[in-house]
Number of protein chains: 2
Amino acid sequence: MATHEHTIKAFDEEIGQLRGLIAQMGGLAEQAIGDAIEALKRHDLTDAARIVADDKKIDLLEHQVEALAVRIIALRAPMADDLRDVVAALKIAGVIERIGDYAKNIAKRTPLIDAHGEIEPLSILPAMAALAIEMVHDVLDAFAARDPAAAVLVCERDKAVDDFYNSLFRVLVTHMMENPAQIGQIAHLLFIAKNLERIGDHATNVAEMVYFAATGTHMAERDRGTAPTI
Amino acid sequence: MATHEHTIKAFDEEIGQLRGLIAQMGGLAEQAIGDAIEALKRHDLTDAARIVADDKKIDLLEHQVEALAVRIIALRAPMADDLRDVVAALKIAGVIERIGDYAKNIAKRTPLIDAHGEIEPLSILPAMAALAIEMVHDVLDAFAARDPAAAVLVCERDKAVDDFYNSLFRVLVTHMMENPAQIGQIAHLLFIAKNLERIGDHATNVAEMVYFAATGTHMAERDRGTAPTI
């Protein structure tokens with residue numbers, strides 16, 4: 001085999017490893033979000049503590065992505081498309097790590113929310129979480145398939161998560177007014193809703209990175225979903 | 001000049017550029033936090049809108065850091081200390097960009113908080129913001145001076161910001177109970193307090209990166225400040 005071909009093969013293998021690590025990170029992050037909402041619903045403090053501890057696995061994978069990406073850039077000095085791909089992987093890993101942090105954050109609030117308090121808005125969160133998880137899942141599929149059209153579809157769904165958040169915000173504020181004794185707990189639910197909304201924003205950011213990596217151009221403003229909510 | 005010396009000189013110049021861009025980003029982010037809290041206090045919607053728009057400058061600088069860091073890694077293939085330095089710059093730029101987002105987020109909430117409503121907890125926020133700004137300022141000084149001891153000092157101060165947040169959380173919840181009509185607005189203040197607390201966490205993260213870049217070892221667990229609040 002010629003040296004040139006050998007280099008290309010080594011590069012492709014390394015990029016494949018990078019994508020594999022990111023798929024692993026994404027799988028763990030999706031799982032963490034779903035588990036965190038489930039633990040919250042069941043007021044399962046043991047599982048909540050497990051989710052908090054497991055976040056370290058995602059952090060560790062991010063370090064591996066970073067080390068591998070830097071090694072690829074330094075050793076192979078990839079150009080154009082290939083370089084865009086490696087840099088995208090590096091950045092996407094950073095975003096998934098943050099998504100994992102949001103899941104951890106939800107788990108950390110579980111002890112502060114009393115399931116026996118019959119907090120009605122608690123029942124709305126799983127549907128919002130399902131939307132956010134779907135966005136994370138689909139954007140990582142788009143990355144794996146280098147599919148810019150699929151990335152645009154993910155962005156379009158960010159509006160649904162934002163709308164969900166905005167109506168939940170109103171529901172929670174109303175609930176606070178009607179149940180002053182639960183205000184502290186509802187404040188924690190407000191932060192949890194916000195975390196889910198931010199996960200949607202981050203999936204949108206990843207979608208923009210996937211689009212750029214795949215096409216070399218930035219996604220059109222109109223496709224970038226809604227302006228981030230506050 | 002020998003080629004080797006020439007390469008070293010070019011590398012040092014590029015690293016200097018990288019540090020200069022990060023100092024610029026940090027300056028803009030500090031300014032944005034202070035201005036956002038000031039605009040909130042004065043209910044100055046014009047300045048709040050300006051702060052939101054100006055965040056693009058920080059994003060642009062981050063892109064420049066990224067492009068330069070990738071070019072340095074690809075062209076110079078730096079080893080050990082030098083590579084750690086370039087990767088730290090890349091990561092620190094990402095964190096400052098997030099700090100800028102928090103300032104933007106505070107500015108975005110300004111129209112939602114009615115200054116004439118005489119919301120008393122509003123008067124506590126500037127002191128908390130001053131603490132957070134100081135941490136950002138000092139950690140970037142530590143990066144510029146490659147001073148690991150100064151980085152440890154920044155981490156130690158995260159506890160003060162966390163304590164501030166925790167007591168503010170209680171004050172705000174109590175205020176909600178006593179002023180049900182202001183619950184919506186206070187909820188926004190709660191998010192603003194959280195944003196400032198997160199800025200402190202991010203300054204701590206940067207401090208850990210500065211420490212690692214300067215020493216090649218990770219900061220001892222006990223020096224990393226408090227566990228991040230939820």
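Computed from heavy atoms alone, side chains included, the values below leave out hydrogens, waters and symmetry copies. Chain identifiers are assigned alphabetically (A, B, ...) following the order of the sequence lines, protein sequences preceding nucleic acid strands; residue numbering begins at 1 within each chain. These numbers come from a predicted model, not from an experiment.
A distance of 10.5 Å separates CE in A:Met176 from CD1 in B:Ile186, rounded to the nearest 0.5 Å. Note that CE of B:Met177 is 14.0 Å distant from CE of A:Met177, once rounded to the nearest 0.5 Å.
Minimum interatomic distance between B:Phe169 and A:Gly184 (heavy atoms only, all atoms of both residues): CZ-O, 4.1 Å.
Contacts of residues 64-77 of chain B with chain A at a heavy-atom distance below 4.5 Å involve B:Glu66, B:Val70, B:Ile73, B:Ala74, B:Ala77, listed in sequence order.
When A:Ile183, A:Val87, A:Thr174 are compared by the number of non-hydrogen pairs under 4.5 Å with chain B, A:Ile183 comes out ahead.
Only the side chain of A:Arg98 comes within contact range of chain B, with at least one heavy atom under 4.5 Å from a heavy atom of that chain. The contact between A:Leu90 and chain B is made entirely by side chain atoms (from C-beta outward), counting heavy-atom distances below 4.5 Å.
Ring geometry, B:His218 versus A:His63: the interplanar angle falls under 30°, so the pair is classed parallel (tilted spans 30 to 60°).
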